[in-house]
Amino acid sequence: MDLTVLSQTGGKGESVIRLLKNRIDLIGVPFTDRGSRLLVLRQGMSLQIRMAERWYKRDPALSAYRKRVPILHDFYFTDAEGRRLDFQLESYPDILEFRTPVGTFRLAYEDMETFYLSLPEVACGICFDVEVDQGQTDRRGGVLRLTGDIRRNIAYTTNRKLLVNHLQVLSREQIRVNLVFDKGPEKGMLLNITPRLGFNRYMPDEEEVFAAAARRWEEWFAAVPPVAEAFRSQYYYAWWIMRAGLASPRFFTTRESLMPSKMYYVGVWQWDAYFHALAYRHVNPLLARDQIRIFLDHQRPDGMIPDAIHDEGTITHLTIPIEGDVTKPPLVSWAVWKLFETDGDLEFLREVYEPLVRWNNWWFEHNDVDGDGLCEYLHPYSSGLDDNPLWDEGMPVTSPELNTYLVIQMECLSRIAHALGLEEEAVRWEKKAQSLTAKMVNYLWDEKAGLFWALHDGKRVPTVTPFNLYPLITGRLPSEMARRLIDHLTNPQEFWTRYPIPTVARNDPKFDPWQMWRGPTWININFLLIEGLERAGFMSLAAELRLKTLELMMGQGDIFEYYNPDTGEPGPKAAPVFGWSAALFIELAIQASERMRV
């Protein structure tokens, strides 16, 4: 990997738009924009528009949005006689170009809920099916509505003379729209898809629409830090994900926030948001802080922070695979401190300090079931490691990884308190971090195995994962104990695979390189261990793992949820266009580039 040349054009937004030509393939990677809930995809020579919404009243099953019929589908271009046209796609962050035998159709966002479609000057047409139950045409286009518990309003408007404007009822909730446009210099059609009662039917100037769409992306890319040339293409694609995946506030989603994947995870998840905030702090401190604020907005009176937030509400309790309260690992103080290290905003520390204290207290007040001073997970999903074998023996589980997070959280609370001039509290938090580290060593360390074991009902959970190594990342262990953990980490039969770090040791009977948390490599786990290796003094090993992780992620066109640790391929169920992987690629690329310059 050549890291010798730093990009001199990395901050030039226009050049980046060209660099990302055809990265948006409309198959695994949708065309979308900041704040929008609309996703344009293709199926053969047709397009479809999906909605990044749960619609739980309509589809009560979990993740039903992944299987829902698109709001608009079988959208295709036609000639003047209504014959379907094939197209060649050329895509950029700001625009899609569809080259057909009668000319080029161009599609861009006019606003978050409205597309502008540029038409060839010759007579041509489009046809599409819409999931609605009412429709009415008019001189400039038509209005379509889905009524009932879930309301969706659609308007199509053109400044071109319409030769055909026909609605065909296909079923109780499906209408086909057939349009043929006369030839002429007027080029545009608006397609507005909105839950609002009012429509956008004002035809804008075409060149202004396209210029504004390009400018929004150019300004975004121009703001990002430069990196080494070797990382540049995937780095800017990661920044595309960080903007394209943002959803505008609506109901319980009180802040503009990044969905982990607009196609696979509709909503905002707690620890995802903290990793997202790390990347945003380089370009927009307010956006970074809002990834944290959205969860503090919904903190319970007892201090617990929700697992996830959706338009309709929050997730704080689940009945699967067991019943119980559910949250995510305590990483928020860690993320807050990283933001402060970047922007030095003391007022934000003042704003969040008390909520962070309540959050930390909740863990010890409600999750130390056996009273030994170590916290347990009471629900497997609270770990974020949903199907990891650590939970196979049952719950609760005293996990070295959870208590490591709490050590780091209290260390960060100490730093925050010190920054705020609360010296007595700073000393108290540091003592608590020291005490919890000692308890992990006393209760969980196995000298013979050279590992920290997770416990269930006082018995060790007989599986080896990188989470058995996690106390290393506190940087507080004796040197010989840290070396024993490094021996496991760098063992090719355990964790030092071609693309480390698998989430179960390769020689463990429960290792499966394709099954979510039972073997694949996850970028957030690598990131935390890279940071931990540096804290523990293993700088060269941290650098090696950083480069291996970057190499893994540059081996695919897209950025995925998790990867096979041997082949580098994404798992068959791994979400594409994945937020925290993109955010952490950005962090790792910046780190590698900065260290190269030292």
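Computation of the quantities below employed the complete heavy-atom set of this structure, encompassing side-chain atoms and omitting hydrogens, waters and symmetry-equivalent molecules. Numbering starts at 1 and runs along the sequence shown.
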### Task
Could you walk me through whether Asp386 and Arg518 pass salt bridge (charged side-chain N to carboxylate O under 4.0 Å, His left out), step by step?
CA-CA 9 Å; Asp386 295 4; Arg518 302 180 80 88; over 6 Å; no

### Task
Look at the side chain of Gln270 and the backbone N and O of Pro306, then say whether any donor-acceptor pair between them is shorter than 3.5 Å.
yes

#### Entry: Nearest-0.5 Å distance that lies between atom OH in Tyr236 and atom CD1 in Ile586
10.0 Å

### Query
Looking at Ile305, Asp307, Asp272, which hits side chain to side chain contact (heavy atoms under 4.5 Å, CB included) with Lys328?
Asp307

#### Entry: Criterion ring-ring contact (aromatic ring centres under 6.0 Å, His included) on Phe221 and Trp217, from CA distance to verdict
CA-CA 6 Å; Phe221 290 129; Trp217 282 104; 5.6 Å; yes

### Query
Excluding sequence neighbours, so at least two apart, what forms side chain to side chain donor-acceptor pair (under 3.5 Å) with Glu401?
Tyr377, Ser399

### Query
Sequence neighbours excluded, which residues qualify as side chain to side chain donor-acceptor pair (under 3.5 Å) partners of His317?
Glu323, Asp325

### Message
Parallel, tilted or perpendicular: which one describes the rings of Trp239 and His282, with boundaries at 30° and 60°?
### Response
perpendicular

### Task
Using only heavy-atom distances, determine whether the side chains of Thr465 and Asn468 contain a donor-acceptor pair under 3.5 Å.
yes

### Task
Determine the interplanar angle of the Trp517 and Trp522 rings, folded into 0 to 90°, and report it as parallel if under 30°, tilted if 30 to 60°, perpendicular if over 60°.
parallel

### Query
Between Glu90 and Lys21, is the closest basic N to carboxylate O distance under 4.0 Å?
yes

Do any side-chain atoms of residues 571-582 form donor-acceptor pairs under 3.5 angstrom with protein atoms, and if so which ones, sequence neighbours left out?
unit_1 : atom_1 : unit_2 : atom_2 : d
Ser581 : OG     : Phe560 : O      : 2.7

### Query
Is Asp558 salt-bridged to Arg23, cutoff N-O under 4.0 Å?
no

